[in-house]
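Below is one structure; the comments refer to it alone.
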Amino acid sequence: MHTPVTIIGAGLGGLTLARVLHVHGIPAVVHEGEPSPMARSQGGMLDIHDYNGQLAVEAAGLMDEFRGLILEGRQALRVLDSDGTVLFEKGDDGTGGRPEVYRGELRQMLLDSLPDGTVRWASKAVGTRALGDGRHEVTFADGGTTVTGLLVGADGAWSRVRPLLTDATPEYTGASVVETYLFDADTRHVAAAKAVGGGSMFGNGATPGKSINAHHERGDTLHAYVEITEPLDWFEAIDFTDTAAATARIAREFDGWAPELLALITESDIAPIHRPLFALPAGRRWDRVPGVTLVGDAAHLAAPNGEGANLAMLDGAELGKALAARPGDVEAAIAEYEQAMFTRWETPMDEDFLLESLFGDEVPERLLNLFGGEERAS
């Protein structure tokens, strides 16, 4: 295959694609707007699933390196009612299919697996245009340009490559997540640490659209994700730089919840971080455009469901494998990849399979109701 591959975005999807291409002897260049790998926080922990994300790791030939990143014990899971009652609890015996790793360490694993110079840092794409015959030009923030015969948008929610294929744009889902961090939790935030347990905790109450969830991360850190369904202007009225005022305002939405769960909000050691949730219209396809395609959130941004990073990596791996399998017919390779990717996007994950992967094969009835079992049974 002689067509140069230009990837926009050095997230998990773009880097997995670059790595799989490298495994098959196909060179690629990745352009990333950030000035360095750790220029900003890469987020917390990810559970990488044996039915999608780990398949991408295998295609990249990095399973040994991946196993070295796994945080032992972090697959432990608890589900709490709003009064602190434990509805479900499962330990981590090392046999589960959803091991936890840090996003930043997973990204660094992929970066380390690529030849020097593959990623061009501080190379922010600001525009793209078609030149005909499957060729595209990318313009960068510094005024530079590049022309490529195969352009892949791996540049996330606000992709600069997506407009070449579709006019779809992300829309606010109606909900946001507020992130908090509690440090040295086993000594400074004892009740909250006990509530979360050693791995992940889901806290749900009677009011739909409100939850308090958390991970027990490395170094006695609790990383909480507080989900609230409210319009954007509701959140815009909160001064998130004022930690005390912001956490108090968010906590009021959970009046009556157990103190150990509220502590995940009110005892935050940082100013809470507001992250509005956006998604692309579900099931939106595009017509095949020669010389360009998308992976990950650039293609199918969805509200957080535990699958986003896994699917981005699988997209990258599947596109890389398709290009390697059809070195003389790039367009056929892209068409094959896109059809499979559209099918994954349009096919909702079977809820029974998802529940079993989380809780095992004997899910208590109360949990089935909590996670939508009543609707499935009706």
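- Hydrophobic clustering (side-chain heavy atoms under 4.5 Å, transitive across Ile, Leu, Val, Met, Phe, Trp, Tyr) groups L62 together with L46.
- Closest approach of A154 to V295, counting heavy atoms only: CB-CG2, 3.5 Å.
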task: Go through the steps for H31 and T6 under the test side-chain hydrogen bond (donor to acceptor under 3.5 Å, both in side chains), then give the verdict.
output: CA-CA 8 Å; H31 293 271; T6 300; 5.3 Å; no
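- The side-chain contact (heavy atoms from CB on, under 4.5 Å) test with V196 singles out one residue from H216, H189, H223, and that residue is H216.
- Here the side chains of F240 and V178 are in contact, with some heavy-atom distance below 4.5 Å.
- Partners of D287 under the side chain to side chain donor-acceptor pair (under 3.5 Å) rule, at least two apart in sequence or in another chain, do not exist in this structure.
- Ion pairing of K210 with E227 is absent here, as no side-chain N (NZ or NE/NH1/NH2) approaches a carboxylate O to less than 4.0 Å.
- In terms of heavy atoms, V5 sits closest to V152 at CG1-CG2, 4.3 Å.
- Side-chain contact check for H300 and D315: at least one donor-acceptor pair (N or O, by modelled atom type) lies under 3.5 Å.
- Within a 6.0 Å radius of CG in D142, more than 12 heavy atoms belonging to other residues, nucleotides or ligands are found.
- Below 30°, between 30° and 60°, or above 60°: for W286 and F342 the angle between ring planes is above 60°, a perpendicular geometry.
- Between E100 and D47, the shortest heavy-atom distance links the atoms OE1-N, 3.4 Å.
- The residues E331 and R326 are annotated as not salt-bridged, no charged nitrogen and carboxylate oxygen being separated by less than 4.0 angstrom.
- Atom CG of D93 has more than 12 heavy atoms from other residues, nucleotides or ligands within 6.0 Å.
- Ion pairing between a basic and an acidic side chain is recognised when a charged N comes within 4.0 Å of a carboxylate O; R275 and E179 show such pairing.
- Classification of the F235-H274 ring pair by plane angle, with boundaries at 30° and 60°, yields parallel.
- Linking Ile, Leu, Val, Met, Phe, Trp and Tyr residues whenever their side-chain heavy atoms come within less than 4.5 Å places I7 and V161 in a single cluster.
- Two different hydrophobic clusters hold Y225 and L264 under the rule that ILVMFWY side chains link at heavy-atom gaps under 4.5 Å.
- Using a 4.5 Å cut-off between side-chain heavy atoms of Ile, Leu, Val, Met, Phe, Trp and Tyr, with links allowed through other members, L222 and V86 fall into the same hydrophobic cluster.
- When every heavy atom of S82 is checked against every heavy atom of L261, the shortest pair comes out as O-CD1, 3.8 Å.
- Using a distance-only test at 3.5 Å, with no hydrogens or angles considered, no donor-acceptor pair links the side chain of T229 to the main chain of A175.
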query: Going through the distances and angles, do R129 and H136 end up as a side-chain contact (heavy atoms from CB on, under 4.5 Å)?
result: CA-CA 6 Å; R129 68 186 182 104; H136 292 86; over 6 Å; no
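- The side-chain contact (heavy atoms from CB on, under 4.5 Å) check on R284 picks up T166, D167, A168, P281, W345, with sequence neighbours excluded.
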message: Before you tell me yes or no, could you show the steps for L80 and F202 under side-chain contact (heavy atoms from CB on, under 4.5 Å), namely the whole-Å CA-CA distance, both residues' side-chain angles and the distance that decides it to 0.1 Å?
response: CA-CA 6 Å; L80 273 59; F202 299 99; over 6 Å; no
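- Note on residues 63-78: pairs passing side-chain hydrogen bond (donor to acceptor under 3.5 Å, both in side chains), not counting sequence neighbours, are D64-R67, R78-E89.
- Cluster membership for V29 and V126, using ILVMFWY side-chain heavy atoms within less than 4.5 angstrom, is not shared.
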